[in-house]
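Here is the structure we will look at.
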Amino acid sequence: MSSGDNITGDQSQEDAYDLDRKMVAQVLEAVEQGDQQALTELLEDLHAADIADLLEQIDSDDRISLIRLYDREFDGEILSELDESIREEVIETLNPLVLADAVRELESDDVVDLLEDLEVPQQEAILDALEDADRVAVEQSLSYPENSAGRLMQREVVMAPEHWNVGQAIDFMRNSDDLPDQFYHVVLVDPRLHPIGNVTLGRIMGAKRHVTLTDLVEDTFQVIPADQDEEDVAYAFNQYHLISAPVVDDEGRLVGVITIDDAMIVLDEEHEEDILRLAGVGEESSLADRVIETTKRRFPWLAVNLVTAVLASLVIAQFEAAIAQIVALAVLMPIVASMGGNAGTQSLTVAVRAIATRDLTGSNVWRVIRREVLVGLVNGVIFAIVMGLVGLAWFGSPMLGVVIAVAMVVNLVVAGLAGTVIPVLLEKIGIDPALASGAFVTTVTDVVGFFAFLGLAAVLLL
């Protein structure tokens, strides 16, 4: 096959995963014309996640029209893939019978995830649509603390007594009418329903019928308490390369199982949350949010930024006379503050990420702080030489070059120190470092940068 053929194949494969502009335009045209058949044909080959993306991309009026026209073709998986910001609107728009059919298709963990962010009327509508046994299972999951393993787990578990052999396990699964749609392990339990090991389906299918299941258990086996925080669950899956893990109640009895797809969703949400918080736009910000909601989320951190800017301005005001005498100071001082701010953000981002992944701990914190300070020092010296030469060439003043060079070193060292120490301290006192560190680091680098530059200038140049 030629290289050109390979490129064409790769491009077509990429297109298969893209919800392109042409597709969206065709869907909107079908909705506008009220052509249910054309709409169904356009959406029938799309994955539920792509349909959810489509609903998120169009405006509210088009979204309501599409849902009503799509009607009974609506798949329950679409609900679980939808962004929380529009999920309520979609549920309110759906025909109650269609909603009932859609919800019954979902696993218990997906139903719990769906219910968590809804108001009581929508929750009742979904619970009423479930079979009695499914409703009880979902309500039991909802009884666990929010953001816990009990909320994350699915109740559908494939378990087997520890004395069974491969043949018995295979016969049981073949004769069962209610196996989960997707599962990876058979969980071995003792007579008191305490999980004692996992056996992968691959090992079961590859072994002789007489082999006992206990001979096939995996070496890595983690049991998760139902009240464990979901962040800890996601960490365990990522750290120990788990595919699924049994969940137990206070007495150690098996009550559910968590699979890797749910754990990775939590991990992804944590990463997204950290990014949004670092930017000060709120952990639940979405492109589908309304103007008022977005404004409310961003306003507090813009207000905090205003306060820090005023603090920096107060420092500048203390050196008003020096700036009036040497205009070059007003030209150069934003450079010092900007370099410090960027260096602080770099250290801060690395530190916050390391705290989230538990790579930054009490045992290595001082080594990391020393490293960041040394990085700031090395970068500071390099850029100090550059800016010292720029100051000399630009304004013809060797001493001005010395001032900005020293200020640059000081601010980059402080930036590396603040970017690491501040998130660590905030984490120690129970404040989310991703949420609050940015404002503090920016304040420190601005105040130190301006004070070092203008203070040195007042001493050495006047």
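- Counting only distance, with no hydrogens or angles, the side chain of T420 and the backbone of L417 share no donor-acceptor pair below 3.5 Å.
- The side chain to side chain contact (heavy atoms under 4.5 Å, CB included) test with V90 singles out one residue from L82, I78, L99, and that residue is L82.
- There is no side-chain donor-acceptor pair under 3.5 Å between H47 and E81.
- For the atom pair CG (L179) and CZ (R174), the distance works out to 12.0 Å, reported to the nearest 0.5 Å.
- Residue I91 holds its CD1 atom at 8.0 Å from CG of L115, rounded to the nearest 0.5 Å.
- R203 contributes atom CZ, which lies 12.0 Å from atom CG of L213 (distance to the nearest 0.5 angstrom).
- Applying the salt bridge (Lys or Arg N to Asp or Glu O under 4.0 Å) rule to R72 yields the partners D101; only residues at least two apart in sequence or on another chain are considered.
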Applying side chain to side chain contact (heavy atoms under 4.5 Å, CB included) to W164 and V186, what does each step give before you reach the verdict?
CA-CA 11 Å; W164 272 12; V186 173; over 6 Å; no
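- Contact annotation: the side chain of V247 never approaches that of V233 to less than 4.5 Å [non-hydrogen atoms, C-beta and beyond].
- Side-chain atoms of I196 and F221, non-hydrogen and from C-beta on, never get closer than 4.5 Å to each other.
- Screening L54, D75, D50 against L43 for a side chain to side chain contact (heavy atoms under 4.5 Å, CB included) leaves a single residue, L54.
- Under a 3.5 Å cut-off, the side chain of N364 and the backbone N or O of T361 do form a donor-acceptor pair.
- The side-chain heavy atoms of V257 and F183, taken from C-beta on, include no pair separated by under 4.5 Å.
- Judged as a salt bridge (charged side-chain N to carboxylate O under 4.0 Å, His left out), not a single pair has a partner in residues 37-46 (not counting sequence neighbours).
- Put simply, the side chain of N238 never gets that close to the backbone of A234: no donor and acceptor are under 3.5 Å apart.
- A donor-acceptor pair is defined here as one N or O able to donate and one able to accept, closer than 3.5 Å; no such pair exists between the side chain of S176 and the backbone of F172.
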Using the rule given for side chain to side chain contact (heavy atoms under 4.5 Å, CB included), can you reason through M153 versus I224, listing the C-alpha separation, both sets of side-chain angles and the distance that settles it, and then say yes or no?
CA-CA 10 Å; M153 70 182 180; I224 297 174; over 6 Å; no
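- For R63 (side chain) and L55 (main-chain N/O), a donor-acceptor pair under 3.5 Å exists by modelled atom type.
- Residue pairs meeting the salt bridge (charged side-chain N to carboxylate O under 4.0 Å, His left out) criterion with at least one member in residues 237-264, sequence neighbours excluded: D249-R253, E251-R253.
- Two residues are said to be in side-chain contact when any heavy atoms from C-beta on lie closer than 4.5 Å; V248 and H194 fail this criterion.
- Using a distance-only test at 3.5 Å, with no hydrogens or angles considered, a donor-acceptor pair links the side chain of S143 to the main chain of Q140.
- Looking only at side-chain heavy atoms (C-beta outward), E77 and L106 come within less than 4.5 Å of each other.
- Rounding to the nearest 0.5 Å gives a distance of 10.0 Å between CG of L242 and CD1 of I258.
- The closest donor-acceptor contact from the side chain of D59 to the backbone of D62 lies under 3.5 Å.
- Between R68 atom CZ and Q36 atom CD the span is 14.0 Å, to the nearest 0.5 Å.
- Listed by first and then second residue, the salt bridge (charged side-chain N to carboxylate O under 4.0 Å, His left out) pairs involving residues 176-188 amount to none (not counting sequence neighbours).
- Neither side chain, T40 nor E73, offers a donor N or O lying under 3.5 Å from an acceptor on the other.
- To the nearest 0.5 Å, the span separating CZ on F383 from CE on M339 amounts to 4.0 Å.
- Side-chain contact between Y144 and V255: present, with at least one pair of heavy atoms (C-beta onward) separated by less than 4.5 Å.
- For residues 341-350, no residue pair satisfies the salt bridge (charged side-chain N to carboxylate O under 4.0 Å, His left out) rule, not counting sequence neighbours.
- Side-chain atoms of W366 and I369, non-hydrogen and from C-beta on, do get closer than 4.5 Å to each other.
- Between the side chains of Q182 and T259, not a single donor N or O lies within less than 3.5 Å of an accepting N or O.
- Under the rule for a side chain to side chain contact (heavy atoms under 4.5 Å, CB included), the partners of V112 that lie at least two apart in sequence or sit in another chain are E116, V138, S141, L142, R151.
- Between V187 and N198, some side-chain heavy-atom pair lies under the 4.5 Å cut-off.
- Between K208 and D215 there is no salt bridge, since none of the side-chain N atoms of the basic residue sits less than 4.0 Å from a carboxylate O of the acidic one.
- Within the 3.5 Å criterion, the main-chain N or O of L79 finds a donor-acceptor partner in the side chain of R87.
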